[in-house]
Protein chains: 4
Amino acid sequence: MAAGARSASSGSADKRRLILDAAIRVFAERGFHQCRVSDVADEAGVAYGLVYHYFRSKEEILNTLFLERWQLMLDAIAEIDRRDLPAREKLAHVAAFIVDSYRHDPNLMKVIIVEVTRSSHSFGARHLGKIREAYDGIARIVERAQREGSFRQDIPADFGALFFYGAIEQLLTGWIFGMLPTTEEEFERAKRLVVEALCSGLELTPTTGRALAR
Amino acid sequence: MAAGARSASSGSADKRRLILDAAIRVFAERGFHQCRVSDVADEAGVAYGLVYHYFRSKEEILNTLFLERWQLMLDAIAEIDRRDLPAREKLAHVAAFIVDSYRHDPNLMKVIIVEVTRSSHSFGARHLGKIREAYDGIARIVERAQREGSFRQDIPADFGALFFYGAIEQLLTGWIFGMLPTTEEEFERAKRLVVEALCSGLELTPTTGRALAR
Amino acid sequence: MAAGARSASSGSADKRRLILDAAIRVFAERGFHQCRVSDVADEAGVAYGLVYHYFRSKEEILNTLFLERWQLMLDAIAEIDRRDLPAREKLAHVAAFIVDSYRHDPNLMKVIIVEVTRSSHSFGARHLGKIREAYDGIARIVERAQREGSFRQDIPADFGALFFYGAIEQLLTGWIFGMLPTTEEEFERAKRLVVEALCSGLELTPTTGRALAR
Amino acid sequence: MAAGARSASSGSADKRRLILDAAIRVFAERGFHQCRVSDVADEAGVAYGLVYHYFRSKEEILNTLFLERWQLMLDAIAEIDRRDLPAREKLAHVAAFIVDSYRHDPNLMKVIIVEVTRSSHSFGARHLGKIREAYDGIARIVERAQREGSFRQDIPADFGALFFYGAIEQLLTGWIFGMLPTTEEEFERAKRLVVEALCSGLELTPTTGRALAR
DNA sequence: GATGAATGAGCGTTCATTCAT
DNA sequence: AATGAATGAACGCTCATTCAT
């Protein structure tokens with residue numbers, strides 16, 4: 001929880017932070033390519049020359065936003081994996097972290113997902129390594145579960161991670177696009193369902209029959 | 001199979017098709033926003049102005065590419081759903097159709113995924129309805145399976161569809177980004193695994209134990 | 001009267017005439033520069049390549065329209081001047097000819113006035129000689145009246161012609177712009193008033209007092 | 001006199017003014033549509049983009065030039081009308097103001113007349129209201145003269161204004177087109193003649209006979 | 001005569017970035 | 001640190017004109 005608490009903070013005169021927070025709003029609202037540097041400056045209430053005092057370029061603003069947020073997630077995944085929990089619980093925590101990140105600062109997550117993660121040209125390509133680290137972090141959870149016998153081994157860990165991440169990203173996309181409702185209950189339900197679906201599958205089996213009863 | 005056979009064909013003098021095919025290559029290579037209309041014209045070997053003879057704008061080229069291809073997929077999903085098959089088989093056919101589409105014309109799929117589907121600003125927003133239709137088509141398969149008792153009902157059909165589509169899209173993204181190998185075997189393996197994972201889950205159970213044996 | 005009877009005629013298959021008539025409507029409606037050659041062709045119901053079969057360029061269409069109509073006016077002015085009439089009557093006939101030309105084919109006159117006569121760049125410059133001939137024709141009427149003693153000599157004939165033509169052109173402009181009503185009565189009144197004003201002046205004098213009584 | 005002193009001044013570093021003055025020269029020389037924004041920038045000796053720093057569009061430059069100059073004339077006409085003078089004197093002042101405006105900055109007046117006032121499509125239409133105000137200002141002078149008995153009432157004031165303005169505009173057109181000489185004497189003579197012609201008429205009468213003697 | 005596909009120069013506008021103050 | 005004037009490359013789009021059929 002408390003994911004990304006820093007991004008919306010600061011009543012201070014930290015102009016750099018002001019610019020970053022303004023950029024989140026503007027990039028989320030209109031898209032990175034559809035807005036001008038001056039829009040960010042206007043939103044931040046500073047002269048737009050100042051943007052270039054703090055950032056080398058418009059891109060660097062986005063890179064900064066992405067990296068500082070994404071690293072939190074990587075750290076969280078790693079930390080979760082170190083805990084002594086069943087894999088399913090770990091994945092639940094990962095899902096919760098991501099969903100809560102969106103809940104906490106939808107604009108920031110929207111920017112990261114839409115402008116970086118889902119944008120293979122320009123930014124996606126640049127941050128491929130970092131994005132991959134997230135898959136790897138999840139894959140490590142799966143891998144350990146396979147070694148410990150709780151997860152099946154016929155689905156490679158990296159595929160499992162891919163599917164799990166893909167499902168969650170699709171949830172975020174649904175919220176971002178306004179295709180899914182964004183109430184608190186929905187967030188909680190989604191967290192539960194994505195883990196349930198990915199771990200136990202969509203088919204009805206004796207096992208999932210028991211799962212239903214829980 | 002044979003998905004979208006038309007898009008890469010034609011040694012004919014159909015200049016309109018020539019332009020569309022050139023656009024696929026150029027958009028895939030450098031991205032929609034990163035290339036100029038003249039790049040498309042050059043690639044097609046036609047004069048600049050001819051592009052505007054056939055298309056109202058650069059955007060219309062992309063819209064055309066998206067719509068003509070996406071509709072094939074929607075039709076395929078609907079057709080698959082009409083067959084008398086277990087839901088798992090249906091989903092396998094859907095996965096196969098999408099994967100084969102990528103295998104058949106990776107550039108076109110890359111353009112559609114990267115520039116339209118995963119691009120909420122500009123194009124994604126415009127084609128939201130069409131994109132949603134795909135989710136709905138898959139959801140209908142899941143729904144029927146729930147009614148018929150083969151799929152569990154505690155995971156709503158639309159979520160199931162979302163997760164399934166998300167997993168597949170993540171596969172495509174992996175191939176597009178060069179994060180996953182793109183051999184024939186990989187494509188086939190991926191088709192199988194995404195269905196297996198989504199239907200039976202990642203966890204090891206007595207049921208999946210049996211699945212392993214198949 | 002019956003000025004420019006040819007311009008709106010022809011139920012024949014004379015495509016050249018069809019194009020010219022279409023050009024009158026299109027140029028009048030949207031302006032020479034604001035419409036495309038294809039607009040003219042569409043209006044004429046012919047393929048736009050045909051326009052280039054009959055005319056060397058878009059400009060030549062306008063030149064043709066201007067010259068064929070303007071020459072009628074020059075001829076009319078010359079013919080009027082040859083009649084044995086008081087100068088005031090001659091000017092009245094000139095005014096009537098121009099006003100009736102507008103009444104007969106407002107679009108054509110609009111094109112000629114707006115796109116050629118009042119457009120010093122491009123077309124005005126090209127047809128300067130022809131435009132000047134009109135001034136000269138009127139000036140000749142004034143000049144003769146001065147020699148014969150009915151017109152004062154302290155206002156040079158060319159100035160007189162300029163003022164007279166300017167007043168009439170302003171009337172046309174008023175109609176074209178929709179600043180003056182365009183009823184039959186207004187046209188007749190305008191004919192009378194422009195001659196009266198230019199010949200007798202706006203000031204009230206014993207002479208004009210008598211004029212009132214007429 | 002001293003009409004529009006601001007427009008051609010400034011050796012200062014006011015780049016906005018520099019651009020406006022350059023635009024006057026370029027628009028006058030080659031016409032609004034026949035010149036590129038870069039021509040204006042080059043003429044002003046500033047970078048291309050700076051034009052768009054100060055003006056929203058090429059059109060806005062022309063609008064600005066027209067409005068700032070035209071308003072001076074409207075103000076002048078209103079001010080002249082407020083003076084306690086015979087109508088003929090008032091009209092003489094109006095004529096003088098306009099002629100002097102041309103004398104002072106022929107390029108600016110050329111642009112205004114040719115590109116705006118005489119251009120019913122595009123700009124003329126946009127500024128119809130402002131153009132009409134000029135007619136109305138002159139008409140008010142005539143109207144008052146009619147009420148006070150010095151001008152005849154059988155020629156409506158608005159027609160009188162139209163003819164007077166038309167005559168003057170034709171003079172300007174003559175100078176602009178190079179059809180009339182542009183010496184100081186000619187300007188002064190034209191001022192006198194246009195008023196004389198419009199007030200007293202072209203015909204020789206006992207009254208105008210006396211006028212000759214003056 | 002008639003068609004409309006094909007050509008390509010031209011131009012208005014945008015906007016990231018620099019820099020003098 | 002802070003400002004915003006100044007720069008200029010880049011690009012989408014228009015449209016008059018040509019030409020093969």
Side-chain angles (χ1 to χ4, degrees), chain A residues 13-16 18-19 32-42 44-61, chain B residues 13-16 18-19 32-42 44-61, chain C residues 13-16 18-19 32-42 44-61, chain D residues 13-16 18-19 32-42 44-61:
Chain A
D14 183 348
K15 297 288 178 71
R16 191 185 127 93
L18 227 51
I19 291 167
F32 178 80
H33 286 105
Q34 284 71 43
C35 77
R36 298 172 286 180
V37 173
S38 69
D39 293 328
V40 175
D42 288 351
V46 302
Y48 75 94
L50 196 60
V51 173
Y52 285 88
H53 183 75
Y54 289 112
F55 302 94
R56 204 181 302 276
S57 69
K58 188 186 173 190
E59 290 199 5
E60 205 189 78
I61 301 174
Chain B
D14 183 349
K15 298 286 177 74
R16 193 186 126 94
L18 227 52
I19 291 167
F32 178 81
H33 288 105
Q34 283 71 43
C35 78
R36 296 172 291 174
V37 174
S38 69
D39 294 328
V40 175
D42 289 350
V46 301
Y48 192 96
L50 196 62
V51 175
Y52 285 91
H53 182 75
Y54 287 112
F55 302 95
R56 208 181 301 277
S57 68
K58 189 184 173 190
E59 289 203 4
E60 205 190 76
I61 302 174
Chain C
D14 184 349
K15 298 285 178 72
R16 192 186 127 93
L18 227 51
I19 291 168
F32 178 80
H33 286 105
Q34 283 70 43
C35 76
R36 299 173 283 178
V37 173
S38 70
D39 293 329
V40 174
D42 287 352
V46 302
Y48 76 94
L50 195 60
V51 173
Y52 285 89
H53 183 74
Y54 288 112
F55 302 95
R56 202 181 302 276
S57 69
K58 188 185 174 189
E59 289 200 6
E60 205 190 78
I61 302 174
Chain D
D14 183 349
K15 297 288 178 70
R16 193 186 125 94
L18 227 52
I19 291 167
F32 178 81
H33 287 105
Q34 284 70 43
C35 77
R36 296 172 291 174
V37 174
S38 69
D39 295 328
V40 175
D42 289 350
V46 302
Y48 194 96
L50 197 61
V51 174
Y52 286 90
H53 183 75
Y54 287 112
F55 303 95
R56 206 180 302 274
S57 68
K58 189 184 173 190
E59 289 201 8
E60 203 190 79
I61 302 174

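Per chain, numbering begins at 1; letters A, B, ... match sequence-line order.
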Can you tell me the distance, in whole Å, between the [atom1] atom of [X] and the [atom2] atom of [N]?
X: D:I61; N: E:dC11; atom1: CD1; atom2: C1'; answer: 14 Å
X: B:Q34; N: F:dC11; atom1: CD; atom2: P; answer: 10 Å
X: B:D42; N: F:dC11; atom1: CG; atom2: P; answer: 13 Å
X: C:F32; N: F:dC15; atom1: CZ; atom2: P; answer: 12 Å

Self-check item: Point-to-point distance, once rounded to the nearest 0.5 Å, from CZ of A:R16 to CD1 of A:I61
Solution: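 Reported to 0.5 Å precision, the distance equals 10.0 Å.
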Exercise. Quick one, give me the B/S/- string for nucleotides 3-10 of chain E, reading 5' to 3', where B means a protein heavy atom under 4.0 Å from the base and S means that only happens at the primed atoms, P, OP1 or OP2.
Key: BBBBBBB-
Self-check item: First encountered from the 5' end of DNA chain F, between B:H33 and C:V37
Solution: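 It is B:H33 whose nearest nucleotide is closer to the 5' end.
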Practice problem: Hey, which sits more toward the 5' end of DNA chain F by its nearest nucleotide, B:R56 or C:S57? | Solution: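 On the 5' side of the pair lies B:R56.
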Quiz item: Which sits closer to the 5' end of DNA chain E, D:E59 or A:S38, going by the nucleotide each is nearest to?
Solution: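 Going by which nucleotide is closer to the 5' end, it is D:E59.
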Quiz prompt | Base-paired stems in DNA chain F, each at least three Watson-Crick or G-U pairs under 3.5 Å | solution = E:2-21 with F:2-21
Exercise. Please tell me which of the listed nucleotides, F:dT14, E:dT17, E:dG12, lies nearest to the side chain of D:Y52?
Key: E:dG12
Quiz item: Is the backbone N or O of D:C35 less than 3.5 Å from a side-chain atom of D:K58, with the two atoms forming a donor-acceptor pair by type?
Solution: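 Checked: pair present.
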Quiz prompt | Minimum-distance pair of heavy atoms, taken over all atoms of C:S57 and C:Y52 | solution = CA-CE2, 4.0 Å
Exercise. Would you name the heavy atoms of B:K15 and B:Y54 that are closest together and state the gap between them?
Key: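 That closest heavy-atom pairing would be CB-CE1, 3.9 Å.
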Quiz item: With respect to D:V37, which candidate in D:V51, D:D42, D:I19 satisfies the side-chain contact (heavy atoms from CB on, under 4.5 Å) definition?
Solution: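 It is D:V51; the other options fail the test.
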